[in-house]
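Below: the structure, in structure tokens.
Keep in mind that this is a model prediction, so the values were computed, not measured. When reading the values below, keep in mind they use all heavy atoms of this one structure, side chains included, and skip hydrogens, waters and symmetry mates. Whatever order the structure lists them in is the order used to number ligands and atoms, beginning at 1.
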Amino acid sequence: MLKSLFFSFVVPVISLTAATPAPQEETKVIEVTAPAAAEEVTEIQQTFSILKPDAIENNIIGEISEYYESAGLHVVASKMTKLTPEQAKAFYAEHKDKPFFPKLIEYITSGPVIVQVLEGEDAVAVNRLVMGATDPAKASPGTIRFDFGTDITHNAVHGSDSVKSAEREIAFFFKPSEIFSRQ
Ligand code: IDP
Ligand code: MG
């Protein structure tokens with residue numbers, strides 16, 4: 001299911017991208033999905049997304065939303081906010097000892113963001129595939145970070161890395177009454 005979702009999402013996006021990849025690069029994208037596809041997991045999940053300050057500044061809220069929707073993800077909660085340093089440090093607490101932490105906090109608090117809950121089949125993994133690798137220079141063609149990220153700090157979007165993280169991150173920003181599940 002994941003594989004077919006990614007086929008239907010990534011390949012059309014690639015074909016529309018200015019930097020159209022060579023055929024062998026399409027193969028590389030699809031190979032990334034193979035292990036997850038083999039599991040045939042089709043659970044409906046919710047995951048958490050942030051359109052980061054560079055995405056808001058670059059006026060690509062709509063363009064990024066198309067990537068989610070094309071991958072079968074539904075936006076079931078959404079709001080614009082600006083993180084305080086205290087909020088940012090708590091949200092990214094797992095990275096507090098990393099050398100890039102101060103720069104990350106400075107960046108994520110530098111302007112407004114849009115926080116969202118995305119829902120769909122295998123939403124956590126699908127969103128990570130749609131996002132691409134943390135470093136846009138290493139992201140696969142057709143992913144959000146490949147298409148819109150600037151560098152490893154300014155990489156356009158955040159997405160939960162597990163169902164457990166998603167639950168924590170969703171609860172960090174949303175009350176249950178603010179989430180409108182399509183299920
Ligand atoms: P992820 O966003 O792909 O899950 P994480 O390792 O959780 O990546 O890192 C959180 C965020 O911290 C990244 O999205 C990026 O903005 C920033 N970051 C991660 N690694 C680096 C790095 O090596 N240098 C600078 N910033 C980084
Ligand atoms: Mg992460």
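Side-chain contact, Ser140 with Thr143: no donor N or O sits under 3.5 Å from an acceptor N or O.
Within the set His158, Lys52, Arg128, His95, the minimum heavy-atom distance to atom 4 (O) of ligand 1 is found for Arg128. Looking at Asp135, Thr153, Ile108, Asp54 and measuring to atom 16 (O) of ligand 1, the nearest heavy atom belongs to Thr153.
Judged by the shortest distance from any of its heavy atoms, Asp161 lies outside the 4.0 Å radius around the atoms of ligand 1.
A ring-centre distance under 6.0 Å is found for Phe148 and Tyr67. For Phe48 and Phe91, the ring centers are positioned less than 6.0 Å apart.
Ranking the protein heavy atoms by distance from atom 21 (C) of ligand 1 puts Phe100 CD2, 3.4 Å first. Nearest to atom 11 (C) of ligand 1 among the protein's heavy atoms is Leu104 CD1, 3.9 Å. If you check which protein heavy atom lies closest to atom 3 (O) of ligand 1, you get Thr134 OG1, 2.5 Å. Atom 15 (C) of ligand 1 has as its closest protein heavy atom Ile152 O, 3.1 Å. Arg145 NH2, 2.9 Å is the protein heavy atom nearest to atom 2 (O) of ligand 1.
A side-chain hydrogen bond (donor to acceptor under 3.5 Å, both in side chains) with Ser160 holds for exactly one of Arg128, Glu169, Gln45; it is Glu169. When the options Val117, Leu118, Ile170 are evaluated for a side chain to side chain contact (heavy atoms under 4.5 Å, CB included) with Val76, the one that passes is Val117.
Residues forming a salt bridge (Lys or Arg N to Asp or Glu O under 4.0 Å) with Glu178 (at least two apart in sequence, or on another chain): Lys79.
Around atom NZ of Lys96, no more than 12 heavy atoms belonging to other residues, nucleotides or ligands sit under 6.0 Å away.
Atom numbering of ligand 1 starts at 1 in the shown order; those under 4.0 Å from a heavy atom of Asn155 are 13 (C), 14 (O), 15 (C), 16 (O).
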